[in-house]
Amino acid sequence: MKEGSESLNFLEHIIEEDLKSGLAKNHLRFRFPPEPNGYLHIGHAASICLNFGLGEGHEAPVNLRFDDTNPIKEEQEFVDSIKHNIEWLGFKWAKECYTSDYFQQLYDWAVELIKNGKAYVDGQSPELIAEQKGTPTSPGKPSPHRDRPIEENLEIFEKMKNGEFPAGSYVLRAKIDMASPNMLMRDPLMYRILNKAHHRTANDWCIYPMYDWAHGQSDYLEQITHSLCTLEFKSHRELYDWFLDQIYDETKIRPKQREFARRNLSYTVMSKRKLLELVQSKTVAGWDDPRMPTISGLRRRGYTPESIRKFSELSGISKRDSVTDVSLLEYAIREDLNKRATRAMAVIDPVKLVITNYPDGKTEILEAENNPEMENSGSHEVPFSRELYIEKEDFKEDAGSKYFRLTIGKEVRLKNAYIIKGESIVKDAQGNIAEIHCTADLDSRSGSGTEASMRKVKGTLHWVSIQHAVKAEVREYDRLFLDEAPDSHGDKSFMEFVNPESLKITKEAYVEPFLQKAQLEDKFQFQRVGYFTLDQDATADHLIFNKTVGLKDSWAKAQTKEQTQVQQQKPKEGTGRSAINEVQKISKKYTNLSGNKLETARANIIKLAEDVQYEELEPLFGTAKKKVGTRIGATIALGVLLKKGLEKNEAINAFIQAGLEDDNELLVEEAKHIA
RNA sequence: UGCCCGAUGGUGUAACUGGCAACACGUCUGUUUUUGGUACAGAAGAGUCUAGGUUCGAGCCCUAGUCGGGCAACCA
């Protein structure tokens, strides 16, 4: 992971430091700790790639640990789906662990804490406990049970464990500091009573540990060296360390928690709650709807594991909150699919094309390259005949000179076939184009080696033979939200930004017969259109293709730009950087320069100063003393203005005087020039 | 109001113990091309949040401020 790039992210720096200061490389160990209460999404993928990537980079084991301390929300179904997703991404965990495996140990340690006077049983209501916690600005009040005798604590705690109390009646609390500025340190809960069967321990337990009490201890039990989590756990670190202090044995590895920013993707939402809302409101068809940022959704959409890993790598890792543009994700998948997708032809929005000089009833079998980007990828057969479908948008009655596609009187090539020339059109009663008639240069068949076949024509079109085409359903997806950060508007729900046109279904698209054999997970490029994959709902006689992502389309871009340019042309005055700004820019580094570079910089400032107005220059007189460069630049520029006949005023004199008195020789020198 | 983080081109990340701000995506040009794709070549785009300070020299160190985020679940 780190070879090839010397630049490390801040977590890798920390690991490097630890290694340098004595941590044995073979002790390195990481973990990915999902709670099995939902499906994994692209944000989790960042964490997965981070932890497993670190493991791969350092040849260190990475545990998969299900943080299953809340039986109310967690289910086996999620465990299975998470495991599938991680495997699909191509990562192998060292051990499959469950926090629930440590329930006994956790309990024993809790008893230990009670005996040491570090924990106590509280029987107050949640409301009361919350109230006593105080607020971030005011200290909390101790619980009346804070000093309950140890024996009594032990007795009640055991009864809690034995199921002698109803859910919610008692909790075990750590005895830390009710006045701590960190709210989490104000006697946090360690255990609560939950009368709910657990997906793994069934009814063995009716008390369950809280996250803070379980997580660090689990890391410790597994001897994880670096426990990486997202930023919102930062303030938990103090507690994490406090709990570890209570049980830590110096001969063992002491895990450290470090935090990184979670990854957001533009034009989507990422929280489990919001994703669930999309599913429940039927905005999408399910968790694996191809528009969902879930791993299973991306997979169904046609994303490859490689592309997701690449995306994670490109996105990087840091501590500031950010929104990564989807274009980076799209780049990652296009790059991968360009190399591996089999090329095929499909017409999604068809119009009939008749080659008038091609014999009726004749069929030719032509050859189509499977993948020009991959050697030895072979070719497949594609049938050609007199009547074809082409894409509606590939023909225009009156086209400009920049339109390379079919129009009357102009030649284009049919991919893998002949060069044709538009002759005439047939319209229906409503005036829509029903048929396009053209003639083919019958000597120009692709691959025939004739001179005609080598001719260069500007445009190439994809097509299917009507007689041979296979009908298919095509599902095209657009971003799910119209807003870049739909959940960033405090006053509005993210649901208000749902894109009503995020799914476009074409029931009658036509694909070449070769695609009849498409299998799930096969990757195709429909030439000139985009990358597609078979949907899981497809059957042998009902093909369904999902569009993963379109090809880059500089033609479409030019079109939309042309439109927006017309509107935007007006407010395009005063372009370019002003002279004074240039002067400032050059000046800033002035004192770092020497020799020729210094000379050039000075000459440039003098030249630029010709276009500088005094009104622009005067504000620079107030430049901080330490910004000598800027003051020198201003002095030089001032010299130019004075030479042009500017009268000295009070501000100018004061500025020159300050320059003369400065410790910087260059500045003094320039000031002398104009004094 | 308390505590804790963060701030670098449009976006995401770099910049080793201070030394002319780099890479990728995106944008724009051009070349090649039987995909208006790919590939290749190139360009534009950043006073590193602000103000002071330390230093020969600050994105980096110090101080104060501004803005953004997190923290008061018997969730994780």
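First the proteins, then the strands, lettered A, B, ... as listed; each starts at 1.
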Handout entry: Rounded distance in Å between the P positions of B/G52 and B/C60
Key = 14 Å
Practice task
Would you mind pulling out the nucleotide paired to B/C67, Watson-Crick or G-U wobble, both distances under 3.5 Å?
Solution key: B/G6
Completion exercise
The Watson-Crick or G-U wobble partner of B/C40, with both key distances under 3.5 Å, is B/G30
Nearest whole angstrom, please: distance from the [atom2] of [N] to the [atom1] of [X].
X	N	atom1	atom2	result
A/Leu265	B/G12	CG	C1'	11 Å
A/Ile129	B/C74	CD1	P	7 Å
A/Leu551	B/U33	CG	C1'	14 Å
A/Phe10	B/G12	CZ	P	16 Å
A/Lys234	B/A76	NZ	P	22 Å
A/Arg340	B/G37	CZ	P	23 Å
A/Ile333	B/C25	CD1	C1'	16 Å
A/Gln525	B/A39	CD	P	12 Å

State which of [options] makes the closest approach to the side chain of [X].
X	options	value
A/Pro126	B/G6, B/C74, B/U35	B/C74
A/Ser322	B/G12, B/A76, B/U35	B/G12
A/Ser327	B/C25, B/U13, B/U38	B/C25

Pairing donors with acceptors under 3.5 angstrom, does anything connect the side chains of [X] and [Y]?
X	Y	answer
A/Asp67	A/Thr99	yes
A/Asn371	A/Glu373	no
A/Ser47	A/Arg263	no
A/Asn370	A/Ser379	no

Problem - Centroid separation A/Tyr191 to A/Tyr170 less than 6.0 Å - result: no
Exercise for the section: Would you check if the distance from the ring center of A/Tyr240 to the ring center of A/His236 is below 6.0 Å? Expected result: no
Practice task
Report the residue (A/Pro33 or A/Phe404) whose heavy-atom-nearest nucleotide on RNA chain B is the more 5′ of the two.
Solution key: A/Phe404
Using only heavy-atom distances, decide whether a donor-acceptor pair under 3.5 angstrom links the side-chain of [X] to the base of [N].
X	N	value
A/Arg343	B/U35	yes
A/Glu369	B/U34	no
A/Arg413	B/U34	yes
A/Arg320	B/U8	yes
A/Glu373	B/G37	yes

Exercise for the section: Would you confirm whether A/Asn9, through its side chain, and A/Glu12, through its main-chain N or O, come within 3.5 Å as a donor-acceptor pair? Expected result: yes
Practice task
Identify whether a stacking contact exists between A/Trp555 and B/G36, where the ring centres must be under 5.5 Å apart and the planes under 30° apart.
Solution key: yes
Do any side-chain nitrogens or oxygens of [X] fall under 4.0 Å of OP1 or OP2 in [N]?
X	N	result
A/Ser7	B/A22	no
A/His13	B/A15	yes
A/Tyr331	B/C25	yes
A/Lys557	B/G36	no
A/Ser453	B/U34	no

When we call it a touch if two heavy atoms are under 4.0 Å apart, what does [X] touch: a base, just sugar-phosphate, or nothing?
X	value
A/Phe233	base
A/Arg405	base
A/Leu231	nothing
A/His215	nothing
A/Gly530	nothing
A/Leu194	nothing
A/Asn416	base

